[in-house]
Amino acid sequence: MNASRLISALFLIFQASTISLIQAATIYPIDQASILAGSKFDIKVEFNSVVNLNDIVIEMNGVQLSRLILTKPDFISSENGKGSSLLYRDVEIPKSGKYQVVARTPQESLQATWDVYPSGPRRVKNVILFIGDGMTVANRTAARVLSKGIVEGKYQGRLSFDDMPQTAMIGTSGSDSLITDSANSMSAYTTGHKTAVNAMGVYVSRGSDNLSHPKVETIAELIKRKTKMSVGIVSDAELQDATPGAMVAHTRRRADKQYIADQLLASGAEVILGGGSAYFYPQSSKGSKRKDDKNLLEAFKADGYQLAFTKQELNAAATNKNTKKLFGVFHPDNMDGSLDRLYLKKNTVEQYPNQPDLTEMTQSAIDVLSRNPNGFFLMVEAALIDKFNHPLDWERAAFDTIMLSNAVQIAKDFAKSHPDTLIIVTPDHTHSGSISGVVHDEKSGPLREKVGIYAEAGYPNYPKADIKGYPNQIDVSKRLAFFYGNYPDHYETLHPKLDGTFIPSIKDENGKYVANPKYVQLHEDAIHVGGNLPSHQESGVHTADDAVLNAQGPGSEKFKGFMDNTEVFKVMVESLGLGSK
């Protein structure tokens, strides 16, 4: 074969493989999707050309789809000017196995292969899933140093999830990008399907309406449809934020917070606790962020929920043995972190002094949910670890990692008398933090020269932690040198931010983010650090680093080695027996 013919042949092979890749993505669920037998999902086929409905042939394992699915599909003759689409809603495949879907028109042919898996019998009564949002290994290390102390290289204690018997490394990438956000990474945990950045509970298609994309059933919906178990959702972020939202919602855009608030009510979850009260009040109420007159608080009350707005009301409602359904909101936005609530009294603590701790919400949720003899599924999110990692505020992130450890201990204590409980602790994704040494204030010279490395690092001198695991002082003379690997322009002070959460950058007159001059005024020796992120990015970003998962209880032995994030869903639904047999 001569060179020109070889090049032509290679081009044709490349062109064919490229078309194949593009076409495979136009069948949803996508190629290589794993689907729980008996779960509900939508099938959508998007063609690149405009065709007649009668010219479309779709087969599953050689059988026409119209013979397998009796409901009529939605046919869109021309979707956003990009071709015809066919959409089947609420499909179920009851039998496990390999399924090949082929879609043909006179102009094109597409295919995707799915793995439909069974669950087997139920093995556990309860599942408690803890999400340390954005928690990276360095957050855990910093939390252990602060809460347990370290002497001659040995920690004087462990975080509650450090000694769980099972550990796995979790890959977090989404269907569209190596780097994930909390919406699609949590959606992988709650549905077992991959999706794209900013999406939850759907495959991202070419639909223009955020709520029109092909849906996949969440674990909360599966439980409500197939069992008599209870469901709990706890977060110290807005309850409409990505992680709690992914328990109940199906949208292309995580910013659809009013819709997510409505879905929380519609979900029937017995316990819902967190922030974000602004989306539950009608638009006529002060501070409301709704655009209609729905009063979801009244709706929750009418549906039999006990309501709580302070930690005192939460405790009273949870300890009342007649409480079977509990709804609590304690902040119009994200709640305040433990460092501010317990010690510094900064950010919005003075405005909202009676916010409960994540431990109090966890205990209250377990108290109420465990009254159901059929068991429960509880998701608890320590959301603010991520909220503090973004602005490079590692001390606040470390304190909330300690708080997560305390909350997990409550679950472990419950499991001692309820051994049929599976407990999972995992981030949804990671950040770039790392500990490089110890800052010594007594060292002379510029700020960077105060960082002790290797033998010169020694150990920090944080005071011994209190009974909750928190040191009462963080601005000590020997502090952890904690650095993030990605960042905007900012001033590095090597000091904790005692006046409120770090704001590393602000917009200049050109709309670009530059270092916030406030921190030069607070620390005249602060170092200007040129950012390594695009100038339109105001804070640190997520990383593709593997997440570390820990687990205990029946079914936890399946967590081992490296796993995809969709496999976390698989372990949970297999443990609960939620699939067809």
Side-chain angles (χ1 to χ4, degrees), residues 130 132 135-167 337-340 342-344 357-359 382 385 388-389 392-413 425 427 430-445 447-485 492-498 545 548-550 552:
F130 286 94
M135 181 174 66
T136 195
V137 170
N139 293 137
R140 294 174 59 147
T141 305
R144 197 180 305 111
V145 169
L146 292 172
S147 64
K148 307 303 179 184
I150 181 169
V151 177
E152 294 182 331
K154 291 189 176 183
Y155 288 99
Q156 303 302 290
R158 296 184 179 186
L159 302 177
S160 66
F161 40 89
D162 282 340
D163 58 1
M164 285 185 166
Q166 307 302 329
T167 300
S338 54
L339 177 59
D340 292 296
L342 300 175
Y343 298 97
L344 300 180
D357 194 83
L358 191 70
T359 58
I385 299 172
F388 295 136
N389 274 333
L392 320 181
D393 198 327
W394 76 261
E395 285 97 347
R396 284 180 168 81
F399 264 61
D400 276 25
T401 305
I402 297 169
M403 181 172 65
L404 172 62
S405 175
N406 293 340
V408 172
Q409 186 59 54
I410 289 171
K412 290 177 69 176
D413 290 342
V425 185
T430 55
H431 278 269
S432 65
S434 190
I435 298 169
S436 302
V438 174
V439 181
H440 294 254
D441 281 347
E442 74 275 9
K443 286 180 177 285
S444 60
L447 186 61
R448 64 186 295 179
E449 305 302 334
K450 297 180 184 294
V451 177
I453 58 175
Y454 295 112
E456 293 184 353
Y459 292 101
N461 60 354
Y462 299 104
K464 185 176 180 180
D466 61 21
I467 193 171
K468 293 183 179 180
Y470 302 107
N472 62 13
Q473 184 182 0
I474 55 173
D475 196 18
V476 293
S477 60
K478 295 179 183 179
R479 304 175 298 279
L480 292 180
F482 190 112
F483 299 105
Y484 288 87
E492 179 58 68
T493 69
L494 297 182
H495 281 275
K497 311 307 182 288
L498 301 178
D545 301 356
V548 178
L549 177 148
N550 301 103
Q552 70 170 56

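Quick note: residue numbers are just sequence positions, from 1.
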Of all heavy-atom pairs between [X] and [Y], which one has the smallest distance, and what is that distance?
X    : Y    : result
L404 : G132 : CD2-CA, 3.8 Å
I402 : K468 : CG2-O, 3.9 Å
D475 : P496 : OD1-CD, 3.4 Å
A398 : A142 : CB-CB, 4.1 Å

Atom pair [atom1] ([X]) and [atom2] ([Y]), whose distance is rounded to the nearest 0.5 Å:
X    : Y    : atom1 : atom2 : value
I453 : S436 : CD1   : OG    : 9.0 Å
F161 : L549 : CZ    : CG    : 11.0 Å
F399 : I474 : CZ    : CD1   : 5.5 Å
D400 : D340 : CG    : CG    : 9.0 Å
E395 : R479 : CD    : CZ    : 8.5 Å
S338 : Y343 : OG    : OH    : 8.5 Å

Hey, are the side chains of Y462 and L480 touching, using non-hydrogen atoms and a 4.5 Å cut-off?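 Contact flag for Y462/L480 side chains = yes.
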Are R448 and E492 side-chain neighbours, meaning at least one heavy-atom pair lies under 4.5 Å?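 R448 vs E492: side chains apart.
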Where the side chain of [X] meets the backbone of [Y], is there a donor-acceptor pair that is under 3.5 Å apart?
X    : Y    : answer
Y484 : H431 : no
Y459 : G153 : yes
S405 : S160 : yes
K497 : D393 : no
K450 : V439 : no

Quick one, L344 with R396, criterion side chain to side chain contact (heavy atoms under 4.5 Å, CB included). Give me CA distance, side-chain angles, the key distance, then yes/no. CA-CA 11 Å; L344 300 180; R396 284 180 168 81; 3.6 Å; yes
Qualifying residue for side chain to side chain donor-acceptor pair (under 3.5 Å) with N139, from N389, T430, T401: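 Passing option: N389.
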Heavy-atom count around Q156 CD within 6.0 Å, excluding the residue itself: above 12?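 Yes, because the 6.0 Å sphere around CD of Q156 holds more than 12 heavy atoms from other groups.
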Evaluate side chain to side chain contact (heavy atoms under 4.5 Å, CB included) for K443 paired with E449, printing each intermediate quantity in order. CA-CA 7 Å; K443 286 180 177 285; E449 305 302 334; 6.0 Å; no
Is K148 salt-bridged to D162, cutoff N-O under 4.0 Å?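 The answer is no: the pair does not qualify as a salt bridge.
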